[in-house]
Amino acid sequence: MNKNLTRRDFLKAAGLTAASLALPGCAAASQNVTSGGSRPPNFIIIYCDDLGYCDIGCFGSTRHRTPNLDQMAEEGIRFTSFYVTSGVCTPSRSSLMTGCYPRRVNMHQNDTGLCVLFPVNKKGLNPNEITIADLLKKQGYATACFGKWHLGDQPQFLPTRQGFDYYFGIPYSNDMGKGKNNNRPPLPLLRDEKVIEAPAVQDTLTKRYTEDAIKFITANKDRPFFIYLPHTMPHNPVHASEKFRGKSANGIYGDAVEEIDWSSGEILAALNKLGIDNRTLVVFTSDNGASNQFGGGNGPLRGHKGSTWEGGMREPCIIRWPGKIPVGKTCDEVATTMDLLPTFARLAGTKPPTDRIIDGKNIWPLMAGTKGAKSPHEAFYYYQIDQLQAVRSGKWKLHLELEAKKRNWGKPIPNSPLQLYNLDADIGEKNNVADKNPDVVKRLLAFAEKARDDLGDLNREGRNQRPAGWVETPNPLLFEPV
Ligand SMILES: [Ca+2]
């Protein structure tokens with residue numbers, strides 16, 4: 001136990017955190033929010049790691065029991081064309097935090113051109129970017145992140161420097177700890193900026209994130225709060241706590257999904273118990289599609305994690321806010337994780353940053369089920385690392401003709417042809433209808449060229465990219481027992 005966190009340490013740290021939230025500056029900011037008329041809503045984003053499009057009941061899973069998420073969908077709205085901006089963790093997360101495409105904020109690749117950050121990378125999300133947490137904190141929100149960050153493991157890149165009052169979680173993927181063939185540090189579990197356990201005990205991560213999040217919700221029930229809960233699961237190596245292990249019909253992967261369902265139910269129950277259900281907007285989604293190796297499923301979608309097929313980037317999404325969001329609805333308009341920042345900004349009584357380009361749009365009319373509301377995106381871009389591979393506009397998705405189609409791992413695919421799919425009729429991207437729709441192809445190619453100019457492409461800088469954060473001599477995050 002001495003190597004890990006003791007119960008006493010945990011309580012002590014939680015107590016200090018509660019005290020820090022009660023600082024006079026924080027209280028004053030909170031009063032600013034409440035004195036301006038109606039109180040802004042709380043926000044909770046539950047963000048799974050590698051959960052597939054069809055891994056929960058309300059999105060078609062018949063293997064996983066997810067009664068809490070199914071009920072959440074009945075009490076809210078399901079988005080069925082909801083996108084992340086990358087098929088892998090780091091770039092996808094950079095978009096959720098900043099409301100921008102990964103290339104915009106230069107988080108589309110790591111310091112050596114690989115698709116995600118690794119421990120002790122020089123790169124991280126630039127602290128000058130304005131995250132959702134920065135924006136809401138400025139509005140007087142209490143902000144906390146519980147889970148996997150993956151936007152830089154150096155101190156200046158951690159959640160605590162990116163708008164979060166409090167952090168509890170692992171700084172990168174759970175398969176990036178010390179192994180036989182690497183010199184990486186044992187997988188660190190952090191509270192704020194301090195490693196409190198290494199290697200992190202993964203079986204209980206979902207449970208501990210949940211308990212800590214509920215503690216934070218309870219402590220901040222009387223003021224607006226923003227909780228970002230990026231689960232470590234069901235990313236490989238998949239773990240679940242004792243109560244769930246061996247209980248599902250789909251091995252450890254199903255166990256982990258069912259534990260996430262439990263976790264979501266616990267959080268919704270806490271909101272209800274505290275009487276703040278009606279002033280809390282909760283989003284449930286995933287950072288990218290399921291891998292084809294570990295038990296997850298993307299159902300009718302083609303492809304998987306790490307690709308620009310729908311299976312890599314279209315995610316299950318449920319949004320619930322009793323009394324404000326209609327119950328039991330489905331929205332098939334194109335929406336993205338980038339849209340959460342501008343939408344939350346509006347709901348919190350402020351606006352997104354105006355001194356820089358923000359790619360996300362306010363999708364409140366879609367969330368609110370406004371009759372006739374349409375996607376605010378004339379086009380959506382599918383990048384893989386630094387390469388633009390596809391573009392969607394309305395029901396049409398065009399895969400670009402590529403001499404060498406990049407993959408995250410392994411050699412590029414040579415001579416990938418131009419392909420056009422009607423996603424309304426062909427969600428599985430099976431029937432290439434490019435030949436029959438030359439005008440559509442032309443229109444989507446023009447969007448692609450617009451993206452190349454703005455955001456860049458392989459071997460081409462975009463005119464409106466911003467620099468990532470950079471540290472010349474990064475240090476490993478190590479556990480130092482006192
Ligand atoms: Ca992921």
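Every number for a ligand or one of its atoms is a count from 1 in the order of the listing. All residue numbers in this chain count up from 1 along the given sequence.
The existence of a salt bridge linking Glu429 and Lys397 is confirmed by a sub-4.0 Å separation between a basic side-chain nitrogen and an acidic carboxylate oxygen. No salt bridge links Arg103 with Asp457; every basic N to acidic carboxylate O contact stays at or beyond 4.0 Å.
The one candidate from Arg104, Arg466, Arg161 that meets the salt bridge (Lys or Arg N to Asp or Glu O under 4.0 Å) condition with Glu129 is Arg466.
The nearest N/O/S atom of Asp50 to the Ca ion (ligand 1) is OD1. For Asp49, the N/O/S atom at the shortest distance from the Ca ion (ligand 1) is named OD1.
Among the atoms of Ser173, none of the N, O or S atoms falls under 3.0 Å from the Ca ion (ligand 1).
Rounding to 10 degrees, one finds that the Ca ion (ligand 1) sits at the corner of an angle of 80° between Cys89 SG and Asp287 OD2.
Residues Ser81 and Asp332 bring a donor and an acceptor atom of their side chains to less than 3.5 Å of each other.
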